[in-house]
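These numbers come from the heavy atoms of this one structure, side chains and all, not from hydrogens, waters or symmetry mates.
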Amino acid sequence: MEGGDIYKASTSLGRSIRSGSSSIWRNNGIEAFSRSSRDEDDEEALKWAALEKLPTVARLRKGILASSQGGANEIDVFDIGWQERKALLERLVKVAEEDNEKFLLKLKNRIQRVGIEVPTIEVRFQHLNIDAQAYVGSNALPTIINFVTNIFESLLVEMGILSSRKKKLTILKDVSGIIKPGRMTLLLGPPSSGKTTLLLALAGKLDTALKCSGTVTYNGHEMNEFVPQRTAAYISQYDLHIGEMTVRETLAFSARCQGVGDRYDMLAELSRREKQANIKPDPDIDVFMKAAATEGQEVNVITDYILKILGLEVCADTMVGDEMLRGISGGQKKRVTTGEMLVGPAKALFMDEISTGLDSSTTFQIVNSLKQTVHILNGTAVISLLQPAPEAYDLFDDIILLSDGRIVYQGPREHVLSFFESMGFRCPERKGVADFLQEVTSRKDQMQYWARRDQPYRFVTADEFAEAFQSFHVGLQLEDELRTPFEKAKSHPAALTTKKYGVGKWELLKANVLREFLLMKRNSFVYIFIFMQLTFMAIVSMTLFFRTEMNRDSIADGGIYMGAIFFGLTMVMFNGMPEISMTVAKLPVFFKQRDLLFFPAWAYTLPRWILKIPITFIEVAIW
């Protein structure tokens, strides 16, 4: 009995203690924590209210950013630091594979919440034919004799005296199709099937030496009605970069030259509508969008975001490298080529062999990130991949299969196998669909996929496949859509770019000056060596005239005097010869960026000339 009373007493005591302790936390602790959180919320609300009272231009440069100490501070997005950018991206996209989709959905929800329509681009190409005139055999070899002979021959051909020895090569033959926004399109085909030429034609970067017929339109507009090089981004399969720059500097320079596009105008309208509707956006999303819409920054938050989703953070501060300078790996360099265009505001992406040198896991990660962007933000993307893995293949919505310059199939991925089964070819169960599609049109590999054992096999050409596709239900639907023209009135005013360059002339000149100054610092050893060489030659030249008097009484003395001056002038002039090789090595990068309309030629050459003037003065002073 005593034990039972003790148990009851201890139980009741425990209950009273627990109830008392809970009441203590309920009355004091939780209230104290809630009061602290309320104070922080009230402080943030007051800062946001003060921000809303600013004029539109000032409001788009200010944001509320959470600090590492837990408070919220008002910042200028133009001067956002590296640590703040890193902390912001850690909160938004901590793990690219998991958080990127959530982040993009937040962006989309904020835009759609106030009824703003995201610009989209639909690309159509109809009856596209591309031919080339080229020398065949030994006449095509790049020798001096062939070069001179071809010049004289072309003159005689123009005069009508000779007939041309050039052969006509058909690259694309009567291809038509539609690239729809919000859908990922995979371009497949064996080598020399015309994939690169098709991508160049769609991006408006086709070589003028090629003979082209047919039409390519963006939202119903012809190529001469806008600037296709800035509306669309063509990502080449060749990695051309300046080796002395880091990965971060390469992407930052690209972002600075390409500008922000229509991001600023859209953000201004978004901010105005949110203010009218009394909507408070997510502070981190607000700061990110404002920082991404601010041009003129040396390093943009978009650069850090692209570095993260492409998996380039580990090598962001490593030199890109080249044949003479050790740098990043080939796969990382391929991702830099991709990121160089992704940091820009282009709404249509044409990517040529972006998976070369990458493992299947990295390719899947990059394609998956692009898929999320295209699906959520209604982008337009055509991606050419060489033998993609089944996991990467399944990420695409539409397939374009090219063979011998003809489109064999274009349409949803789900119907491509049924089309070839209707032609008598079946993909084996353990065979990758992408590999099957690239081999089924090949004369060497086609026979193994023949499924009609009761009928003798006969090689089916690409022309026969293309004709059969016209009567397939997907081909008939495509033909009906092409027959109905795109209404230009439905095109968003901000969808197509009409400005030739992304930023103003002064900003382009400033960006090139800073890049050239950076490269001069990275190549400082060359200039130090040149100064030392000049100093040594000057000392050697001085010793020739020890204990001599320079008389000016005779013609011979005048000749010696003029010879010394000429020798000095020659030394200073030829002392700059080592820079010629450095300039020539950077020419491919210059041609690429000039053709992509990053900057005009004068914005590249002026800084090189201006910044070399002090070097010349130093050389002359040393001599």
Side-chain angles (χ1 to χ4, degrees), residues 119 121 123 196-197 199-210 212 216-219 221-242 245 249-265 292-293 295-298 300 302-303 306 336-352 379-382 493-516 586-608:
I121 294 176
V123 182
T196 299
T197 304
L199 290 174
L200 288 170
L202 296 180
K205 287 179 54 62
L206 205 60
D207 194 335
T208 54
L210 297 176
C212 179
V216 178
T217 59
Y218 284 48
N219 290 352
H221 294 266
E222 300 283 345
M223 287 287 194
N224 56 3
E225 299 179 43
F226 61 99
V227 183
Q229 292 90 339
R230 293 205 56 245
T231 303
Y234 171 73
I235 299 172
S236 173
Q237 57 183 312
Y238 303 110
D239 305 321
L240 299 174
H241 304 287
I242 296 177
M245 295 177 68
E249 290 164 353
T250 302
L251 298 192
F253 177 79
S254 174
R256 191 170 185 179
C257 289
Q258 293 184 74
V260 297
D262 63 339
R263 293 179 197 150
Y264 184 85
D265 296 333
E295 66 180 26
Q297 295 173 299
E298 288 192 26
N300 196 299
I302 288 289
T303 302
I306 296 298
V336 172
T337 305
T338 304
E340 190 178 24
M341 299 308 299
L342 290 183
V343 295
K347 301 174 185 64
L349 301 174
F350 300 100
M351 304 182 173
D352 192 4
T380 304
V382 181
L496 306 180
T497 306
T498 55
K499 290 175 59 180
K500 189 173 183 181
Y501 297 106
V503 293
K505 296 178 181 178
W506 172 249
E507 188 62 36
L508 289 175
L509 183 63
K510 185 179 176 182
N512 278 275
V513 166
L514 291 175
R515 182 178 71 164
E516 187 60 31
K586 294 180 178 65
L587 282 180
V589 181
F590 160 69
F591 290 135
K592 181 191 79 169
Q593 294 180 342
R594 181 200 63 182
D595 295 340
L596 291 172
L597 298 184
F598 279 20
F599 46 73
W602 62 264
Y604 176 81
T605 54
L606 271 182
R608 297 183 65 84

Pairwise distance [atom1]([X]) to [atom2]([Y]) - rounded to 0.5 angstrom:
{"X": "L202", "Y": "T380", "atom1": "CG", "atom2": "OG1", "value": "11.0 Å"}
{"X": "Y604", "Y": "Q593", "atom1": "OH", "atom2": "CD", "value": "8.5 Å"}
{"X": "F591", "Y": "L596", "atom1": "CZ", "atom2": "CG", "value": "13.5 Å"}
{"X": "E295", "Y": "Q258", "atom1": "CD", "atom2": "CD", "value": "12.5 Å"}
{"X": "N219", "Y": "E225", "atom1": "CG", "atom2": "CD", "value": "11.0 Å"}

Indicate every side-chain donor-acceptor pair of residues 501-508 with a distance under 3.5 Å to a residue at least two apart or in another chain.
| unit_1 | atom_1 | unit_2 | atom_2 | d |
| --- | --- | --- | --- | --- |
| E507 | OE2 | R256 | NE | 2.9 |
| E507 | OE2 | R256 | NH2 | 3.0 |

Sub-4.5 Å side-chain heavy-atom contact between [X] and [Y]:
{"X": "V336", "Y": "D239", "result": "no"}
{"X": "T303", "Y": "N300", "result": "yes"}
{"X": "K347", "Y": "P119", "result": "yes"}
{"X": "F253", "Y": "I242", "result": "no"}
{"X": "M341", "Y": "M351", "result": "no"}
{"X": "F350", "Y": "L200", "result": "no"}

Trace of the side-chain contact (heavy atoms from CB on, under 4.5 Å) decision for L509 with W602: CA-CA 9 Å; L509 183 63; W602 62 264; 4.2 Å; yes
Looking only at heavy atoms, what is the nearest atom pair of V216 and M223, with distance? CG1-CE, 3.5 Å
I306 and L251 have their tightest heavy-atom pair at CG2-CD1, 4.4 Å
Assign the ring pair Y218 / F226 to parallel, tilted or perpendicular, where the plane angle (0 to 90°) is split at 30° and 60°. tilted
Going by the rule salt bridge (charged side-chain N to carboxylate O under 4.0 Å, His left out), which residues pair with R230 if we only count those two or more places apart in sequence or in a different chain? none
The test is side-chain contact (heavy atoms from CB on, under 4.5 Å); show your working for L349 and L342 and say whether it passes. CA-CA 8 Å; L349 301 174; L342 290 183; 3.7 Å; yes
